[in-house]
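Heads up, the thing below is written out as structure tokens.
Ligands are counted one by one from 1 in listed order, and the atoms in each one are counted from 1 as well. What you see is a predicted model; the values in this text were computed from it and never measured. Quick note: numbers below take in every heavy atom, side chains included, and nothing from hydrogens, waters or symmetry partners.
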Amino acid sequence: MLACIRCGLCLTSCPTYVLSLEEAEGPRGRVGIARALAEGHLTITPDLLEHQSNCLVCDACSAVCPAGVHMDPLQVVLRSAIEPQRRRPWWQKAIRGVVFGWLFMDMRRFRLLVRLLWLYQRTGLQWLARHLGILKLLGLASMERLLPSLPTTFVIPDGGSSRGNTPAAFFAGCVMSTALADIDRATLRVLQRQGFSVANPKQQGCCGALHGHGGDLPRALQLAQQNIAAFEGTTGPIVVNSAGCGAMLKDYAHHLRADPTWAERAKAFSDRVKDLSQVLTTTLTMQRMPAQRVVYQDACHLIHAQRVSQPPRDLLKAIPALTLAEIQEPGLCCGSAGIYNVTNPTESRQLQQRKLDNALQADPEVIVTGNPGCLLQLRAGLAERGSSVQVKHLAEMLDEASTP
Ligand code: SF4
Ligand code: SF4
């Protein structure tokens, strides 16, 4: 907060400022409001809560800020400080208690939920709920549309390790290892083809990003400590295939910097975290594939939070059959941003449509991304438009191209 020199360089990078052109909906305004609150010049009002919670925590402002203001950790601390004083209706408190305190704290429970959703899809209940309009009635229609076709089996970290010459450890993720388990399996295959011996530590869980951005820092830190301990017996890079998780894992060092027991361990952990595109090299043997025109969708938590934009492009360019086209406004958020599409459906939709318009102008057959949120957000938008353009994770493209 104190670093902000109010230069305004961040304004045109901020999706909520671009949509609203309001100072309070931009990074400079948000920093100013947070500072005024901390210094006692402002109190917590509905207006203040709205402007702060409208922030996508996309870090587009942090990426261009000359003074080093870092919005993600600022929002994490601010939201957690505000939460105990925030008045919420009982049902919101109950949902938060179940989701943050129960569901995401134990992967066995999370897997059970995804298994129930799988049954919902396979037994015809989904068809019934959609056709009877029950989802619309409950206000769940737009959220339900994001649900991918769920796999029959999950990736369950078992403490084992595959054979290879270079050690690495794999962060499986909660959504990635269940609802998108096929992408986790593709990631593991690609890593093995690249010669990695991949450890999959048993005690790992959710990264805690949802908690951190949702105002529950204590539980985010609990998950951080669980993950740090889980990976301590492994060596080499900790490979992540979800941009959002990767950004959070890299921030453990910051969030635990003042904890005498965990500060050093958190730093050692965060220093090892690498996005999948940062550990793979273009020497991966690629096979012939049908010619395809692709665009790459930069996930905010990769391009802005982790400053990773060239490695995924280099990997895609190494696939002989692909033509990679660039799009307009590549750094503008697609509106997914964790659960933003649930909490702020209007702004989320505006950003989704803008991203799709930009991507489709490049006339692709496939949109490639490195984050589950973007993947589901763009797939839902394309399905609504009746488009045949596919959305794939980078790991899926590389797996297809390198399958012997
Ligand atoms: S670019 Fe950085 S220093 Fe300038 S107004 Fe934005 S947050 Fe403040
Ligand atoms: S994190 Fe994103 S939405 Fe939030 S202020 Fe920065 S640019 Fe705007």
Side-chain angles (χ1 to χ4, degrees), residues 1-39 42 47-82 209-215 217 220 243-248 250-251 254-255 297-309 329-355 358 371 373-374 377:
M1 286 189 309
L2 298 179
C4 178
I5 51 169
R6 301 179 188 138
C7 63
L9 273 178
C10 51
L11 295 181
T12 50
S13 299
C14 173
T16 52
Y17 182 82
V18 168
L19 290 180
S20 68
L21 297 178
E22 275 184 49
E23 179 68 16
E25 283 290 316
R28 185 172 59 184
R30 291 197 173 108
V31 173
I33 293 171
R35 186 171 174 180
L37 180 69
E39 292 174 349
L42 275 183
D47 202 36
L48 180 146
L49 288 174
E50 195 190 328
H51 292 312
Q52 295 298 351
S53 57
N54 279 351
C55 173
L56 296 125
V57 201
C58 68
D59 259 343
C61 49
S62 313
V64 296
C65 176
V69 173
H70 196 179
M71 188 59 84
D72 188 326
L74 189 71
Q75 284 294 331
V76 168
V77 170
L78 179 71
R79 291 173 185 195
S80 288
I82 287 174
L210 200 67
H211 299 78
H213 297 149
L217 185 56
C245 305
M248 182 63 183
K250 286 180 179 177
D251 275 352
H254 174 83
H255 293 309
Q297 141 68 8
D298 286 286
C300 295
H301 284 104
L302 255 188
I303 186 173
H304 303 313
Q306 301 184 56
R307 316 285 158 93
V308 174
S309 61
E329 300 183 319
L332 196 73
C333 179
C334 69
S336 170
I339 53 167
Y340 196 79
N341 39 21
V342 179
T343 55
N344 297 57
T346 310
E347 295 84 356
S348 171
R349 187 175 165 76
Q350 285 173 321
L351 292 168
Q352 176 201 49
Q353 295 302 317
R354 192 163 170 150
K355 179 62 76 180
N358 281 329
N371 191 50
C374 312
Q377 173 87 336

Query - Smallest separation among heavy atoms of H304 and D59, with atom names - result: CB-O, 3.3 Å
Query raised in the report: Of all the non-hydrogen atoms in the protein, which one sits nearest to atom 4 (Fe) of ligand 1, and at what distance?
Result: C7 SG, 2.3 Å
Query raised in the report: With backbone taken as N, CA, C and O and side chain as the heavy atoms from C-beta onward, which portion of D59 lies under 4.0 Å from ligand 2: side chain, backbone, both, or neither?
Result: backbone
**Report entry** Atom pair CD (E39) and CG (L2), whose distance is rounded to the nearest 0.5 Å
**Finding:** 7.0 Å
Query - Heavy-atom pair with the smallest gap, counting every atom of L56 and C333 - result: CD2-SG, 3.7 Å
Query raised in the report: What atoms of ligand 2 come closer than 4.0 angstrom to any heavy atom of M71?
Result: 1 (S), 5 (S), 6 (Fe)
Requested in this report: May I ask you to identify the nearest protein heavy atom to atom 3 (S) of ligand 1, giving residue, atom name and distance to one decimal place in Å?
Outcome: I5 N, 3.3 Å
Requested in this report: Have a look at ligand 2 and work out which part of V57, if any, has a heavy atom under 4.0 Å from it: side chain, backbone, both or neither.
Outcome: backbone
Report task. May I ask you to identify the nearest protein heavy atom to atom 2 (Fe) of ligand 1, giving residue, atom name and distance to one decimal place in Å? Result -> C65 SG, 2.3 Å
Query raised in the report: So which protein heavy atom does atom 5 (S) of ligand 1 come closest to, and at what separation?
Result: G8 N, 3.2 Å
**Report entry** Sub-4.0 Å heavy-atom contact, P66 with ligand 1
**Finding:** yes
Report task. Hey, could you give me the NE2/OG distance between H70 and S62, rounded to the nearest 0.5 Å? Result -> 4.5 Å
Query raised in the report: Is it the side chain (CB and beyond), the backbone, both or neither of Q75 that lies under 4.0 Å from ligand 2, heavy atoms counted?
Result: neither
Requested in this report: Please determine if atom 8 (Fe) of ligand 1 has an N/O/S atom from C4 lying under 2.8 Å away.
Outcome: yes
Query - Distance-only donor-acceptor check, side chains D72 and H213, under 3.5 Å - result: yes
Report task. Ignoring hydrogens and angles, state whether a donor on the side chain of S348 or Q377 is under 3.5 Å from an acceptor on the partner side chain. Result -> yes
**Report entry** Minimum-distance protein heavy atom relative to atom 6 (Fe) of ligand 1
**Finding:** C10 SG, 2.3 Å
Query raised in the report: Hey, which atoms in ligand 1 end up nearer than 4.0 Å to a heavy atom of R6?
Result: 5 (S), 8 (Fe)
Requested in this report: Using non-hydrogen atoms of the residue, decide whether C61 is closer than 4.0 angstrom to ligand 1.
Outcome: no
Query raised in the report: Do any N/O/S atoms of C14 come under 2.8 Å of atom 8 (Fe) of ligand 2?
Result: yes
Query raised in the report: Measuring from the heavy atoms of V31, does anything fall under 4.0 Å of ligand 1?
Result: no
